[in-house]
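For reference, the structure discussed in these notes is given below.
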Amino acid sequence: MDEDYAEAAVNYVDKQQQPNNWINLQFYYLFSNNGKRNIGEAPAILDSNLVEFSRLQIERYLRSKGYLKVKVVDTINIKKKRAELVFTAVEGPMFKIRSFKDSIYDKKVQALYRANRASFSHVKPGGRFDTDSLAFDRDEFYLVMKRNGYFDFYRQYINFNSDTTFNHAVVDVTMIIDNPIGKATHPVYRINNTLITITNSAGRTPGKEDTLQVDSQYRFVDFSHRFRPRTVTDYIFQKKGDIYNVDKQTLTTSRLSELNVFRNVPNPTYQKLPDSTNRLNTKLDIVPIKQMSDRVEGEFLFNAGQYGYNLGNTFTKRDLFKQAAILQIKVNYSVLFDNASNLGNPNGIENQDFRIGANLVYPRLITPFNLPVLGRYGIPHTTFSSNYQWFYQKSLVTRESFINSITYDFAETDRKLHSITPIDIEFSRGVIDPRAQQLLLKNGLYAYSYLIGRTIFTSGSQYTFQYNAIELNSYRNFIYFRGSVDVGGNTLYLLTSALNTHKDTLGERTLFGRAFAQYAKGEVDVRIYRSLGGERQFIFRLNAGAGDPYGNSNQLIFEKDFYAGGANDMRAWLPRTLGPGQFNRATFYGPPGVPNFPSKGDSLRTRLKYLDQFGEVKVIANAEFRYKIADNFFGSKLKGAFFVDAGNVWRLHPQPGQPNVEFRFNNLLNSSAMDIGTGLRFDLAFFVFRLDAALKFKDPQFNGSQQWVLIDHFNELFHTGPFKSAYRTANSGDTYNFMQLNFGIGMPF
């Protein structure tokens, strides 16, 4: 027998007669309380009636696959109160199709069938006689009919006559399509008028409604008083006079749902006109979502004495200006504490990041040009965005930035998504602590002072392309791609060069007395998803990017730099604590009291901590295996993951006094970090809560074989030994932590 069919036949054994998943069974024994709260799977009990039922199911399945003479026998072997079920199939000959023909009484339907059959049919002479293939053909041609105006067509009109010659194991198949009773043909229907009714958010129709006869097709009735007709009519794809098409019906429902202002958008209903014109009146009943909503998100990071959290809140106001426009106000606050090194201030804040922004999103492209409604593959959006960010690093710098932009999002196909930001104006300002500024200048760190303390602005454009985002929540085999380009300052450079504006002390041209940034930055995110059966999945991800300041700039804007670490890339490192390259803080700043470093003591290293590990180049690779542990774990689906992360950030050019921090292909492996870890995902359907534990495996701040820290110092994983003591001495009291715990909402990628 075909091995694929043998494996599939096992699925027809009743679930109550299949072996338990060992982990799920242990959860059941551990958490169940007299059957009142069953977690995991109850033990499968042998039932002879279900065994017989399973035998018949397997027999029916194999007959549907062409083994019409198959006989299945079951055997039960019992040993130590455990039963083994063995199903033995004597399949006999596999029946094949000798001939196939159709018998269709309606000549137009016959022509439609014969024109489309090659595009969907698997039933061919010489092929296996498979009733599943016959059912597939029936369903596919049913949809063909529904796409071509045959509103009244049903699957029951399609039947198959199979003439079986048992002695020769062949079958003659005839497909028959009957006409409606009392009719010589199947009627083709066309769309007539459309009635749109919008209730209030409770689904009711009280009070006085807004009623408008839009045109010869649409009549618009709105009990919510929140929408203009165009909000809905732009995304109704069945126009008056068109033949009925079930795909356009589904498309209408999908696009109206994607507007994110309607709670319930059922399929349109149709009513035949009481005449002989074969026309359909359409009725669309819609229930809007409540106008306001609020969502809170957060994650927590912990690594020995270093810990922090990130909290976010999104407030949403819908239906602005009666055009389904959505206003979103997002607030995010993150803070990092370093209890390990701040002995004088046990809960001292190392850095804080506060962001607030407003997005006004229109469900159409708002441009000076008369563009068509690009809604076939998704709702297009125009987003007006304004954001403010305040960043504070203890005893070093306070930075503020303002970003204002206009962005257009639209779908070329259901898999190809484009995002274009033609206008992006950014202004940033840094104020360095006076004592920190003295230390920076005293130690020759002019680049750091210039990077974090300057006031600068730029005007640029951005473009992002995504492929296969539609598949991200599936378990199929696919490749996901996201690429972005960010270019700024070119127009300003041409303008200031033409006007010959003043140059500052660094030789950079200014506009309105301020220097502006000129740069190009690109980033790609490529992921390969492979299904391993069921809810098991392997993902490989490569995230790489590079930024290059040029023309009027010799450094990127601080906010444009890359950094590594955190819950979504190098999970064994806190954010901003990895790289660039083989950067070693102990070597660069030196331990206090060492004669070779008279001016680079622990004050400056403490001030720059969590801030100076950035780069213009980033390469991160992740490999993750995901699997299901239990279907029911305290109301959630429990999943697990094993992962490996590798990569780093690098400077684009060599830096004075910092060896091996620049990106070089011949030093890529030696200067890359690596971690390994495992995690749990609690899937609550509407969101995923995540806990990951990652271990540093290879640390590029060391040299040679000393980089393999987990192998060489595994015995110091949970306690302090010579390695951790030496590190603490060389790094001004900082502790070396092998493990990083990450709590978060959503998947890492």
Side-chain angles (χ1 to χ4, degrees), residues 1-28 38 40-79 81-97 120-124 127-140 142 155-156 158-162 164 166 169-171 173 175 474-477 530-537 627-632 637 639:
M1 184 186 297
D2 191 311
E3 289 186 5
D4 291 339
Y5 292 143
E7 292 179 7
V10 176
N11 295 326
Y12 288 85
V13 177
D14 188 272
K15 289 186 177 180
Q16 297 183 46
Q17 300 301 287
Q18 294 188 17
N20 291 101
N21 176 285
W22 183 85
I23 294 178
N24 291 347
L25 185 61
Q26 302 311 308
F27 279 135
Y28 178 86
N38 293 334
E41 295 177 358
I45 307 299
L46 179 66
D47 186 327
S48 58
N49 291 327
L50 292 178
V51 173
E52 173 62 14
F53 173 76
S54 301
R55 185 192 70 78
L56 293 174
Q57 289 294 98
I58 294 173
E59 212 167 66
R60 290 191 188 100
Y61 166 70
L62 293 174
R63 283 176 184 155
S64 74
K65 293 302 176 184
Y67 298 102
L68 301 185
K69 294 184 178 182
V70 69
K71 296 293 181 184
V72 177
V73 178
D74 63 79
T75 304
I76 303 175
N77 301 321
I78 298 177
K79 184 178 181 181
K81 295 184 179 182
R82 293 180 179 271
E84 178 189 39
L85 301 184
V86 179
F87 294 94
T88 305
V90 180
E91 67 270 21
M94 182 185 72
F95 281 67
K96 294 188 176 182
I97 296 173
F120 63 78
S121 181
H122 300 294
V123 181
K124 296 184 174 96
R128 178 196 300 268
F129 177 69
D130 186 336
T131 58
D132 286 342
S133 294
L134 297 180
F136 177 82
D137 274 27
R138 173 189 289 139
D139 290 340
E140 287 298 301
Y142 165 79
R155 289 180 178 84
Q156 290 82 347
I158 306 175
N159 295 286
F160 293 94
N161 185 11
S162 305
T164 306
F166 263 72
V170 293
V171 183
V173 178
M175 192 199 74
S474 74
Y475 288 95
R476 299 186 182 94
N477 295 328
R530 286 292 176 264
S531 173
L532 302 177
E535 296 185 38
R536 294 178 300 162
Q537 191 177 40
Y627 57 95
K628 183 179 71 174
I629 299 175
D631 283 314
N632 185 5
K637 183 178 288 188
K639 301 178 181 179

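Note that the numbering runs from 1 along the sequence shown for the chain. Note that the coordinates shown come from a computational prediction; the quantities given were computed from them, not determined experimentally.
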- Item | Contact summary for F87 and S54, nearest pair of heavy atoms | CZ-CB, 4.0 Å
- Could you pull out the closest heavy-atom pair between D130 and K65, with the gap in Å? OD2-NZ, 3.2 Å
- Query: Hey, what's the ring geometry for H122 with F136, parallel, tilted or perpendicular (30° and 60° as the breaks)?
  - Reply: tilted
- Heavy-atom closest pair, residues R55 and D74: CD-OD2, 3.2 Å
- Query: Given the rule in the side chain to side chain contact (heavy atoms under 4.5 Å, CB included) test, do R128 and K96 qualify, once you have shown the distances and angles that lead to the verdict?
  - Reply: CA-CA 4 Å; R128 178 196 300 268; K96 294 188 176 182; 5.6 Å; no
- What distance separates D631 CG from K637 NZ, expressed to the nearest 0.5 Å? 5.5 Å
- Drop me the distance from L46's CG to Q16's CD, to the nearest 0.5 angstrom. 11.5 Å
- Task: State the CG-CG distance between D139 and L134, to the nearest 0.5 angstrom.
- Result: 11.0 Å
- Message: Is it true that, when you exclude K628 itself, more than 12 heavy atoms of the residues, nucleotides or ligands shown sit nearer than 6.0 Å to its NZ?
- Response: yes
- Side-chain donor or acceptor of Q537 paired with backbone N/O of S474 under 3.5 Å: yes
- Task: Of all the heavy-atom pairs spanning D137 and F160, show the shortest one and how long it is.
- Result: CB-CZ, 4.4 Å
- Separation of D14 CG from F53 CZ (nearest 0.5 Å): 6.0 Å
- Task: For L85 and Q17, work out which heavy atoms get closest and say how close.
- Result: CD1-O, 3.8 Å
- Message: Using every non-hydrogen atom in the two residues, find where R138 and N159 come nearest and quote the distance to one decimal.
- Response: NH2-CA, 4.2 Å
- Where do L62 and V72 land on the side chain to side chain contact (heavy atoms under 4.5 Å, CB included) test, with the steps shown first? CA-CA 9 Å; L62 293 174; V72 177; 4.2 Å; yes
- Item | Backbone of Y475 reached by a side-chain donor or acceptor of S531 within 3.5 Å | yes
- Message: Distance check, rounded to the nearest 0.5 Å: Y142 atom OH versus Q156 atom CD?
- Response: 8.5 Å
- Message: Could you walk me through whether F95 and V170 satisfy the side chain to side chain contact (heavy atoms under 4.5 Å, CB included) test, starting with their C-alpha distance in whole Å, then the side-chain angles of each, then the deciding distance to 0.1 Å, before giving a yes or no?
- Response: CA-CA 5 Å; F95 281 67; V170 293; 5.9 Å; no
- If you measure from OG on S121 to CE on M175, what distance do you get to the nearest 0.5 Å? 9.0 Å
- Ion pair K71/E59, N-O distance below 4.0 Å: no
- Starting from the C-alpha separation in whole Å, work towards a yes-or-no answer on salt bridge (Lys or Arg N to Asp or Glu O under 4.0 Å) for E535 and K639. CA-CA 9 Å; E535 296 185 38; K639 301 178 181 179; 3.5 Å; yes
- Task: Under the side chain to side chain contact (heavy atoms under 4.5 Å, CB included) rule, what do V173 and N161 come out as? Steps first, then yes or no, please.
- Result: CA-CA 6 Å; V173 178; N161 185 11; over 6 Å; no
